[in-house]
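Lettering of chains follows the sequences in order, A, B, ..., and the numbering in each one begins at 1.
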Amino acid sequence: MKKSKENHFDLIYQVVQLIPKGKVTSYGAIANYLGLKSGARMVGYAMNASHTQPDIPAHRVVNRNGVLTGKHHFSNPGEMQEKLEAEGLIIEQDQIKNFPNFFWDPNDLKLDQ
DNA sequence: GATATGACGGCTG
DNA sequence: ACAGCCGCCATAT
């Protein structure tokens, strides 16, 4: 008997914790990796509730435009940008500059790289 | 116990 | 090229 009560939210949190420092990913990329039907929507819901989990680098998750959509959910607005800049990213107008250059896709875990 | 709300993205016309 | 619609889980009140 498996007692694993892991829901979709937990799976999403696991993936978010895998994001390497200095990199970011998108809601859709995580959803695609987990094969979620509802796609990014589900990931967005999970991130909203990420405060229920201890150590989630939520600042490394942005939307597919590289925009810091969730910055307003942090303790202080601007904290998300500050953390990303501390990791070597460049943000301008709440948007990551040169976004594809810092984009990390969980699907790359399956690749040789 | 039920209702309302919440960090997105892809597809269609 | 643009605008609108749809999908669906968990948590708090």
Do A/R41 side-chain and C/dG7 base share a donor-acceptor contact under 3.5 Å?
-> yes
Any salt bridge between A/E87 and A/K83, counting N to O under 4.0 Å?
-> no
Among side-chain atoms of A/Y27 and A/T69, is any donor-acceptor pair under 3.5 angstrom?
-> yes
Would you mind reading off the distance between A/I56 atom CD1 and C/dA10 atom C1', rounded to a whole angstrom?
-> 15 Å
Euclidean distance, atom CD1 of residue A/I12 to atom P of B/dG9 [Å, nearest integer] = 13 Å
Whole-Å distance between C/dA12 P and A/H51 NE2?
-> 6 Å
Would you mind classifying the nucleic acid contact of A/T52 as base, sugar-phosphate or nothing, using non-hydrogen atoms under 4.0 angstrom?
-> nothing
Shared hydrophobic cluster, A/F74 / A/V62 (ILVMFWY, side-chain heavy atoms < 4.5 Å) | yes
Check whether any side-chain nitrogen or oxygen of A/N63 sits under 4.0 Å from OP1 or OP2 of B/dC8, and answer yes or no.
-> no
At their closest point, which heavy atom of A/N63 faces which heavy atom of A/F99, and how far apart are they?
-> O-CZ, 4.0 Å
Nearest-Å distance, CZ (A/R64) to C1' (B/dC8)?
-> 10 Å
Which part of the nucleic acid does A/A46 contact within heavy-atom distance under 4.0 Å: base, sugar-phosphate only, or nothing?
-> nothing
Separation of the P atoms in B/dT12 and C/dC8, to the nearest angstrom | 16 Å
note: A/L34, atom CG; C/dA10, atom P; distance rounded to Å ~ 13 Å
